[in-house]
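Numbers restart at 1 for each chain; the letters A, B, ... are given by sequence-line order, proteins then strands.
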Amino acid sequence: MVVTRFAPSPTGYLHIGGLRTALFSWLWARKNGGNFLLRIEDTDMKRNSEDAMKAILEAFDWVGLDYDAEVVYQSKRFGLYAEYIERLLEEGKAYRCYMGKDELDALRQEQMARGERPRYDGRYRDFDGTPPEGVQPVIRIKAPLEGEIVFSDGIKGEIRIAATEVDDFIIARSDGTPTYNFVVAIDDALMGLTDVIRGDDHLYNTPKQLVVYEALGFTPPRFYHVPMINNEEGRKLSKRDGALDVMEYRKMGYLPEALLNFLVRLGWSRGDQEIFSIEEMLEYFDPSNINKSASSYNLDKLVWLNGHYINNTTNERLASLLKEDFDMDISGHDRVEFLLDATKTRSKTLVELRDNIELIIESPEEYDPKAFKKAFKGEAHEILADFARRLQSYEGELHLPTEYHRVMEEFVKEREIGFGKIGQPLRVALLGRMTGPGMDEVMAILGVRESVERISRLLSRLEELKAQ
RNA sequence: GGCCCCUUCAUCUAGCGGUUAGGAUUCCAGGUUUUCAUCCUGGCCACAGGAGUUCGAGUCUCCUAGGGGUCACCA
């Protein structure tokens, strides 16, 4: 049985790095038919963990990650932690330290001045005298004095930290509340974690947590420390690096499967494969194949993946995504299929898709001057007028793009002109610009009537200009 | 600064002692197309540096440099 977890602190929202470790943990649990648990590290009590959890679950829901059992809030388990603190105190594995904050700071200053590593000096470790008056003690755990703490990381291999690097760290503050490294170890053990997949930045917490495991007689899980994701400058990805809230990606028009695919390939790979469905991720993912080095995220690849997924998503789903996320309801349009077929290959995001659709279904208000000028040289005006008449004669008979295409073909053949001669003027008339989907597709979407109308509008505009 | 981790094209990466160092994205060129996009073809671009070990090193060892992480009564 594999049990993994995602244990964020309540900082407000889920960012891209968090989602990646969550994805890794989720994949590993689901792949092995195990459990994926959620816990919120809110021993600090300063932030609103309910709202933070809500934001995280919203993001999970969007990308399709689910979890088992109930969310564990550490703030609701203080009684439990207190029992363990008491036990360690009784067993002499932890002790009260009466050193005040100021005193501690002074000690650190001294050590730094001497070029030493700042650490607690253990002065109350074996204290049995009379405690100073009026000082609320903190509780410290006895860390080993010598030797080294060794553990095998599933990604980095064997990690050895000298015991002198780990001091008797505080497990309970003077107000009695427990601290992070203490409760993490307890909860991971109690929740039955077998595999802890977390960020690289926790590597140094591991020896501390191992001290707790040892003191309490718990069996540690297997650890996997996933390298960080850096920003494009190669620096640590911070929350200020722009739109890093996972939900921002939704607003920018990314598909959840594209985002997940992008993230899973950051630090993990399987040969040359770039595209992974969730099923494939579940089939192939293994945390021990995760890279040792940090990666930096680069939007180009995500954009490309998103384009790929949009291109390969059914029109039905695209229509419903546009409705849900971008307030565009095209379900009433009688040529939805043609409309999406014509626009999806030209869109890298749903935002672009929406814009491209708008460009077609809304009659052009004005014409791109450059395109206009370029398209209407020579006899273009006359050709277009002629084509409009031809089109009109087919009203009610044309439906498919191929049928419109045949009309165009016939037309250029009779007039002995190239496709470009009619294509460009027509495009400006229908779309107002010189780029866009094929004219047969556009006409099939608009229908004969609307197409002719748009042509007429341009033609009369042309007359106006001539009159001036 | 101490300790720990990391280092293959601009970016994501393959490589697990013998390869013309592969793929993808970006960029460039060509093809397809009535235009644009998609798509297809091709091109540019990398083993951080230096010592070893070895018949042979991107792959193993050490050193240097660079990057990152961490050193709280935060998590």
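- Between the side chains of A/Q136 and A/D175, no donor-acceptor pair is found at a separation under 3.5 Å.
- In this structure, the nucleotide among B/G69, B/U34, B/U25 sitting nearest to the side chain of A/M439 is B/U34.
- Residue A/H225 is tested with A/R198, A/H202, A/K292, A/K156 for a side chain to side chain donor-acceptor pair (under 3.5 Å); the sole match is A/R198.
- Between A/K301 and B/U11 there is no side-chain polar atom (N or O) within less than 4.0 angstrom of OP1 or OP2.
- Distance from the side chain of A/W304 is smallest for B/A24 among the nucleotides B/C36, B/U7, B/A24.
- Taking only side-chain nitrogens and oxygens, A/T43 comes nearer than 4.0 Å to OP1 or OP2 of B/A75.
- When rounded to the nearest whole Å, the span between CD1 of A/I275 and P of B/G23 equals 17 Å.
- Of the candidates B/U34, B/U70, B/C73, B/U70 carries the atom nearest the A/Y204 side chain, counting heavy atoms from C-beta on.
- A 3.5 Å limit on both hydrogen-bonding distances identifies B/A65 as the Watson-Crick or G-U partner of B/U7.
- Checking the phosphate oxygens (OP1, OP2) of B/A72, a side-chain nitrogen or oxygen of A/R108 falls inside 4.0 Å.
- In this model, a side-chain donor or acceptor of A/R427 finds a partner on the base of B/U35 within 3.5 Å.
- Between A/N356 and B/C36 there is no side-chain polar atom (N or O) within less than 4.0 angstrom of OP1 or OP2.
- Nearest to the side chain of A/L104, among B/U70, B/C73, B/C5, sits B/C73.
- A distance of about 44 Å separates the C1' atoms of B/A37 and B/C5, rounded to the whole Å.
- Here the closest heavy-atom approach between residue A/A342 and residue A/I445 is recorded as CB-CD1, 4.0 Å.
- The base of B/G22 sits with one of its N or O atoms less than 3.5 Å from a complementary donor or acceptor on the side chain of A/D272.
- Comparing B/A65 with B/A51, their C1' atoms sit 14 Å apart, to the nearest whole Å.
- Less than 6.0 angstrom separates the ring centroid of A/Y124 from the ring centroid of A/Y98.
- Summarising the geometry, the separation between CD1 on A/I159 and P on B/U70 is reported as 15 Å, rounded to the nearest angstrom.
- One cannot find a donor-acceptor pair under 3.5 Å joining the base of B/C73 and the side-chain atoms of A/T179.
- For A/I161, taking side-chain heavy atoms from C-beta onward, the closest of the listed nucleotides B/C73, B/C4, B/C6 is B/C4.
- A donor-acceptor contact under 3.5 angstrom links the side-chain atoms of A/N205 to the base of B/A75.
- Of the candidate nucleotides B/C5, B/U38, B/C36, B/C5 has the atom nearest to the side chain of A/K156.
- If you check B/G1 for Watson-Crick or wobble pairing at under 3.5 angstrom, you find it paired to B/C71.
- The residue among A/G418 and A/R160 whose nearest nucleotide of RNA chain B is located toward the 5' end is A/R160.
- Residue A/S295 places its side chain closer to B/C12 than to any other of B/U38, B/A72, B/C12.
- B/U38 makes up no base pair with any nucleotide shown, lacking Watson-Crick or G-U wobble contacts both under 3.5 Å.
- If you look at A/F182 and A/Y81, their ring centroids are not closer than 6.0 Å.
- Among B/C36, B/C73, B/A75, the nucleotide with an atom closest to any side-chain atom of A/R140 is B/C73.
- B/U19 is unpaired under the Watson-Crick or G-U wobble criterion, no partner having all donor-acceptor distances under 3.5 Å.
- For the pair A/Y284 OH and B/A14 P, the interatomic distance rounds to 17 Å; values are reported in whole Å.
- Only the P atoms considered, B/G49 is 43 Å distant from B/C73, to the nearest whole Å.
- Comparing A/S269 and A/A172, the nucleotide of RNA chain B nearest to each residue sits closer to the 5' end for A/S269.
- For the OP1/OP2 pair of B/C12 and a distance below 4.0 Å, the side-chain nitrogens and oxygens of A/S296 include at least one atom meeting the criterion.
- Of all nucleotides present, none satisfies the Watson-Crick or G-U wobble test against B/U53 with each distance under 3.5 Å.
- For A/E274 against B/G23, a side-chain-to-base donor-acceptor contact under 3.5 Å is present.
- Remark: C1' of B/G68 and CG of A/N231 are 12 Å apart, rounded to the nearest angstrom.
- Figure legend: A/R270 and A/Y284 shown as a cation-pi pair, the cationic atom lying under 6.0 angstrom from the six-membered ring centre and within 45 degrees of its axis.
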